[in-house]
2 protein chains.
Amino acid sequence: MAASIEDVARLAGVSIATVSRALRGLPDVATATRDRVLDAATELHYVASPFAARLASGRTATVGLVVPWVNRWFFAEVIDKVETALRTSGYDLLLYNLGDARGRGRFFEQLPMRKRVDAMLIASLVMDEQEFTALGALPYPVGLLGMRRPGFLSTCIDDVAGARTAVEHLLERGHRRIGLIGGDADDPMRYTPPLSRHDGYRDALAAAGIEADPQLEAVGYFTVEGGAEAAARLLALPHRPSAIFAESDEMAYGALRSIARAGLRVPEDVAVIGFDDHVLAELMDLSTIRQPVAAQALDITTRLLAAVADPDLVDTEAVTMPTELIVRATTGTFRPGG
Amino acid sequence: MAASIEDVARLAGVSIATVSRALRGLPDVATATRDRVLDAATELHYVASPFAARLASGRTATVGLVVPWVNRWFFAEVIDKVETALRTSGYDLLLYNLGDARGRGRFFEQLPMRKRVDAMLIASLVMDEQEFTALGALPYPVGLLGMRRPGFLSTCIDDVAGARTAVEHLLERGHRRIGLIGGDADDPMRYTPPLSRHDGYRDALAAAGIEADPQLEAVGYFTVEGGAEAAARLLALPHRPSAIFAESDEMAYGALRSIARAGLRVPEDVAVIGFDDHVLAELMDLSTIRQPVAAQALDITTRLLAAVADPDLVDTEAVTMPTELIVRATTGTFRPGG
DNA sequence: CTGTTAGCGCTTTCAA
DNA sequence: TTGAAAGCGCTAACAG
């Protein structure tokens, strides 16, 4: 049986209150006493029971992280960075993976983390009024990563501007017929990037005086396989696009495969640009819009923990981080008709 | 303030003990009573405080998952599958990311999850006697994913055999000078695949009567970048290999890039085979050794939860799942000298 | 600076 | 089938 605070108190010859204080590094403990307590704790391999501590103090030393999927590059990266930041500050990470729309529904219905964390961080979800209200009613700070909302801590990039930049890059290269590979607008998961990146695509075309052609917008479900199928559909059009903007690098990879299998060259026959600067983008020589994943994760985690430490001083200003156009071979120097 | 069990008891007109029993679905509660309690709980949006429940019952309804890294494909996949399996059974996932050797050291020194989970699952670590002893002394079942050890629940693949198969495939294709891209043998993280896959490589060569040439063994650190650099070194050898076995697909991708940049063809000049069947392997047309990640994760999680439910019936037989050779273009049909 | 004591919100005997 | 009451192992006033 593991040692309890009483065992330590007995061995050190003090009361359990003193043990508690000494071990937590509170002031007003004589150095000699503290040393005796620490020695006793070490000798008994004592660690406080987190549940008892939480029940008594009300603080959980845990932050909940909610992601729509864990096995997609962006989220794996986010989990990594958030976990490290939390661990460094002495917090545990409770991971909640929505997985699909049903899981998402269950989550908002039950808010299973309601009573078990000191703060919650949610990534990349489009939420409705009711959902925001539910989150806002939680008795602790809630942070948003990848979206913004007045009253909540939030850190994100400007997805619309990023997508616009990508399409403008293609326009500058002389492309006029630009295909889009995006997410499913009706996906009940309501994941943010498909919506905002789609807007950016439309904006850029409109600014260039090009009418959007629904035929050129294919659904790739944000997966490699989906991107490949979407590209195949675009390539099969009577008048196929000369360039494709994929809303994620993973879909762009799939597109590259379909283009190659169709016997076409990149960028001569079809130029391709993705979004994210995924770890393999450089390897694939894929032009893309880079977004700072680690910096976003670190920023929101740090501010969230600050809000936990001092709830009165919550910094709910939305932080927007810059994206960057990375030009590689898939949008090369080739200009259609030029 | 959130409702407590007392509020529910008062509203339902019963004692808190009855509320507790009714809500947990214990037998010996009159149907009418149970309904009244459920109604009251719903009305008050009551959820039991997990900490109080844990303190009182000793059960945490949480499983700890320890991984060396979270942002590598294999582990992201494992986390996803384990999380889903746990969630389905009503367990929370507490994620612990070692990150580096220091983090690993801290973990085994402090065993921070010691008192906060009902079971622990550790993935892909080579552990020493002392570490196994520490884990074995935990008051709950510990599962191993990707390694085996008598007395512990474990599920893994036969990495040695998988690597042997990969190299045998190259040998059958007529290659005699086969390079290896692996991990760093001195890496203090002590991650399992580099060791066992290296053994498989050596075994296959020995069985074919080929003497291992240390020059042909390059360190790629299990990253794309590392794989690229390792391949560049192999290609720069006076007598370069005609084939390369990379211990992970991610390193193989890097190798493919270096080969292409060196102006060489795959598989004519250099054949390449990886390991894992990473999500992009098919896209890259990479031959590889497929391992069942989801099946392994599900198997160990299920058995671990069974052990939690009935500690007397722990099934410590090691389960070994099959790997499969997937032949694609990078080992093509080309035969050197043939 | 240290000890006493009253909870934190549940679960779990034990009695009724 | 239900209720009373004793903890679970800590933290946090409050006293001294």
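These figures come from a predicted structure and were not determined experimentally. Only this structure's heavy atoms are used, side chains among them; waters, hydrogens and symmetry mates stay out. Each chain gets a letter, A, B and so on, in the order the sequences are listed, and its residues count up from 1.
- Between D:dA12 and A:Ser57, no contact under 4.0 Å exists linking OP1 or OP2 to a side-chain N or O.
- At a threshold of 4.0 Å, the pair B:Arg303-B:Asp299 counts as salt-bridged, since one of the basic side-chain nitrogens sits closer than that to a carboxylate oxygen.
- For A:Ser15, the side-chain atoms get nearest to C:dG3 when compared with the rest of C:dG3, D:dC10, D:dG3.
- Contact annotation for A:Arg21: base contact, defined as any heavy-atom pair under 4.0 Å involving a base atom.
- Checked for salt-bridge contact, A:Asp92 and A:Arg54 meet the test: a charged N lies under 4.0 Å from a carboxylate O.
- With distances taken from any side-chain atom of B:Ser4 to the nucleotides D:dC8, C:dT2, C:dC10, the minimum falls on C:dC10.
- Atom P of nucleotide D:dA12 and atom CG of A:Asp28 are separated by 14 Å, given to the nearest angstrom.
- At the phosphate of D:dG3, OP1 or OP2 sits under 4.0 Å from a side-chain N or O atom of B:Thr18.
- Under a cutoff of 6.0 Å and an axis angle of 45°, A:Arg149 and A:Phe132 form a cation-pi pair.
- When the side-chain nitrogen and oxygen atoms of A:Arg24 are compared with OP1 and OP2 of D:dT11, one or more of them lie within a distance under 4.0 Å.
- A straight line from CD1 of B:Ile16 to P of C:dT12 spans 13 Å, rounded to a whole angstrom.
- For A:Ser49 and D:dC10, the shortest distance from a side-chain N or O to OP1 or OP2 is not below 4.0 Å.
- Each of A:Glu6 and B:Pro27 was assigned the nucleotide of DNA chain D with the nearest heavy atom; the assignment lying further toward the 5' end belongs to B:Pro27.
- Side-chain nitrogen and oxygen atoms of B:Ser20 include at least one within less than 4.0 Å of the OP1 or OP2 phosphate oxygen of C:dT11.
- A salt bridge links A:Arg190 with A:Glu131; the closest basic N to acidic carboxylate O contact falls under 4.0 Å.
- B:Ala17 comes within 4.0 angstrom of a nucleotide base, judged by non-hydrogen atoms across all strands.
- In this structure, the nucleotide among D:dG3, C:dT2, D:dT11 sitting nearest to the side chain of A:Ala56 is D:dT11.
- Both B:Val47 and A:Arg36 lie close to DNA chain C; mapped to their nearest nucleotides by heavy-atom distance, the more 5′-ward contact belongs to A:Arg36.
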